[in-house]
Amino acid sequence: MLYSALSALALPFAARSAVSKLRGAGVPVERAHERLGHATESRRLGPLIWLHGASVGEAKSVLPLMAYMAQAHPELRLLLTSGTATSAQAVASRLPQDAVHQFSPLDGVGPLNRFLDHWRPDLCVLVESELWPNLLDACARRDLPVALLNARLSDKSAQGWKRFAGTARYVLRGVRFAHCQDRRSRDHLREMGLDIAEQGQNLKAMPSPSTLGPKVLDTAHTELGGRSVWVAASTHPGEEEGVLDAHKRLLQDHPNLCLILVPRHPERAPEVMGLIEGKDLSVAQRSTGGTLSDKAQVYLADTMGETDLWYALSPIVFLGGSWSAVGGHTPFEPAAAHSAILHGPKYVNFSEAYAVFRLKDASVEVADATALASEIDTLLTHPSRAAQLAANARPLAQAGDAALADISDQLLSLAGIEAKETHG
């Protein structure tokens, strides 16, 4: 296969880049070498299910399912892999007891063989769009069943696969279960020869139970001292400027208003700090010890794993990634926190979810900074409207135990584990 040959040539360069990136994010060298297939944890006895999600959103989306399966089957071993330092940090404190996180092996024969020889999984579960040819081929050669979970395939990606229809069918030959998060992805996979593909419950509609302690939230409320607050979450390059412009407009009528700005990638903090200071706004930075009691106009929340706190603290949330080509982020987490949700018009990654939110009057689309400032002003001056949006959104985010039970049973069956009649 041409891909295998090309990937073998590219592997030394990909390995150097992957390890350097993790090392640059402060990951110890031993753990960074997990990308080369070198395990840093032992393989305990018992059946093992390997779940893989590329980055933060994918890795976090399977945590409720992992918790469900771990509770129902204490003998089950669960391994979660991802490729980024931020994803490892995001799931570190949320994994079920005895579950293990490792960085995912690169899609090369050597790293994959080392990984599979060590972990000997009974099932490989790929989350969202992780269709790596060498990985899928290695699993098929070992008769290791593969499940696609919450599969999402963009039109562009699907067109690329469809140009090599025979290769697609060959690579996907080991897939035994394909759960798709939307109709478009289901149709794409079926056109690629995967007739078992079915649309199901979006895992991102099942937010993980919050680990937020009441004392942490009480402390944050005390630090705010009664100030009004709004959150701009998961922002990307090119979006913070609009968010800050909207905040400057709002400060004219709401001079004590606090913006909690949460960039999607905390390592961008120096860049975002420069933008804030360039707008002549006072700022406190979470990672350097700044607190909400500093009374800054902008609070830069540049840490990992605290989004639950910011959502719980604010009645209004603007979701980033929706003013850029990123394609939006999940609305289910702020909905579960009972926040009024605002977002931009670019949400192709969650088009079906946002269609339901709009239909239920559970979110508001804002095209630019002017519209964002206007809508937030309305919600601040008419809090009953914010409360209504939040009330409409919350039922949409309620986890479906029946869906978790069904997915869990199917995965356990593929792994050769007998599902129990009762779950929980």
Side-chain angles (χ1 to χ4, degrees), residues 1-5 7-8 11 34-39 41-54 58 62 65-66 69-70 72-73 75-82 99-100 102-151 153 161 164-180 189-190 192-198 200 406-420:
M1 187 162 53
L2 179 60
Y3 175 87
S4 296
S7 63
L11 184 60
E34 291 168 7
R35 294 286 272 152
L36 308 181
H38 298 292
E41 296 279 351
S42 61
R43 201 304 194 183
R44 297 175 60 188
L45 293 176
L48 184 144
I49 292 180
W50 165 32
L51 302 99
H52 170 69
E58 296 89 342
V62 293
L65 178 64
M66 292 177 69
M69 290 194 294
H73 289 268
E75 78 284 3
L76 179 63
R77 307 303 176 204
L78 293 169
L79 169 65
L80 176 63
T81 62
S82 61
V100 173
Q102 297 275 275
F103 290 108
S104 55
L106 292 168
D107 196 45
V109 174
L112 286 168
N113 282 337
R114 283 190 288 271
F115 179 90
L116 292 171
D117 286 345
H118 176 82
W119 290 106
R120 306 184 311 281
D122 296 280
L123 174 66
C124 170
V125 181
L126 303 178
V127 183
E128 292 209 10
S129 54
E130 288 295 277
L131 298 179
W132 291 102
N134 284 332
L135 185 156
L136 288 164
D137 186 54
C139 290
R141 290 177 184 275
R142 292 172 180 245
D143 291 324
L144 172 60
V146 174
L148 305 184
L149 190 58
N150 226 39
L153 208 59
W161 278 101
F164 305 96
T167 300
R169 285 182 170 81
Y170 179 78
V171 167
L172 295 173
R173 69 192 185 281
V175 176
R176 300 287 178 264
F177 173 68
H179 163 280
C180 305
L189 286 171
R190 288 185 176 182
M192 290 163 58
L194 201 59
D195 295 335
I196 60 173
E198 296 289 349
D406 181 60
I407 293 171
S408 174
D409 285 350
Q410 296 197 59
L411 296 182
L412 290 167
S413 176
L414 284 173
I417 302 167
E418 185 177 352
K420 297 180 181 178

Do [X] and [Y] have side-chain heavy atoms sitting under 4.5 Å apart?
| X | Y | result |
| --- | --- | --- |
| Trp119 | Val100 | yes |
| Phe115 | Leu79 | yes |
| Tyr170 | Pro133 | no |
| Val62 | Val125 | no |
| Leu123 | Leu412 | no |
| Asp117 | Arg114 | no |

Salt bridge (charged side-chain N to carboxylate O under 4.0 Å, His left out) with [X]: which residues, sequence neighbours excluded?
| X | result |
| --- | --- |
| Asp122 | Arg43 |
| Glu198 | Arg190 |
| Glu34 | Arg31 |
| Arg176 | none |

Subject >> Residues that Glu58 engages under side chain to side chain donor-acceptor pair (under 3.5 Å), provided they are two or more places apart >> reply: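 In terms of side chain to side chain donor-acceptor pair (under 3.5 Å), with neighbours along the sequence ignored, Glu58 is linked to no residue.
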**OP:** Could I get the full list of side chain to side chain donor-acceptor pair (under 3.5 Å) partners for Trp132, not counting sequence neighbours?
**Re:** Glu130
Minimal non-hydrogen separation, [X] against [Y], with atom names:
| X | Y | value |
| --- | --- | --- |
| Cys180 | Ala197 | SG-CB, 4.1 Å |
| Leu76 | Pro47 | CD1-O, 3.6 Å |
| Phe177 | Ile196 | N-CD1, 3.5 Å |
| Ala151 | Leu189 | CB-CD1, 4.0 Å |
| Leu112 | Pro105 | CD2-CG, 4.0 Å |
| Gln102 | Ala39 | OE1-CA, 3.4 Å |

Measuring from atom [atom1] of [X] to atom [atom2] of [Y], what distance do you get when rounded to the nearest 0.5 angstrom?
| X | Y | atom1 | atom2 | result |
| --- | --- | --- | --- | --- |
| Leu172 | Leu148 | CG | CG | 7.0 Å |
| Trp161 | Met192 | CH2 | CE | 5.5 Å |
| Ser42 | His118 | OG | NE2 | 6.5 Å |
| Cys139 | Leu126 | SG | CG | 7.0 Å |
| Arg77 | Leu45 | CZ | CG | 7.5 Å |
| Leu411 | Asp406 | CG | CG | 9.5 Å |

Original post:
Do side-chain atoms of Arg141 reach the backbone of Ala138 as a donor and acceptor pair under 3.5 angstrom?
Top reply: no
**OP:** Say whether, by atom type as modelled, one donor and one acceptor occur between the side chain of Asp107 and the main chain of Leu135 under 3.5 angstrom.
**Re:**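 Yes: the side chain of Asp107 pairs with the backbone of Leu135.
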For [X], all residues meeting side-chain contact (heavy atoms from CB on, under 4.5 Å), sequence neighbours excluded:
| X | answer |
| --- | --- |
| Ala99 | Met66, Leu78, Leu95, Pro96 |
| Ser104 | Arg35, His52, Thr81 |
| Leu11 | Leu106, Pro111 |
| Arg169 | Ala165 |

Subject >> For Leu131, the option from Leu153, Val146, Val171, Val175 that meets side-chain contact (heavy atoms from CB on, under 4.5 Å) >> reply: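 Testing Leu131 for a side-chain contact (heavy atoms from CB on, under 4.5 Å) against Leu153, Val146, Val171, Val175 leaves exactly one candidate, Leu153.
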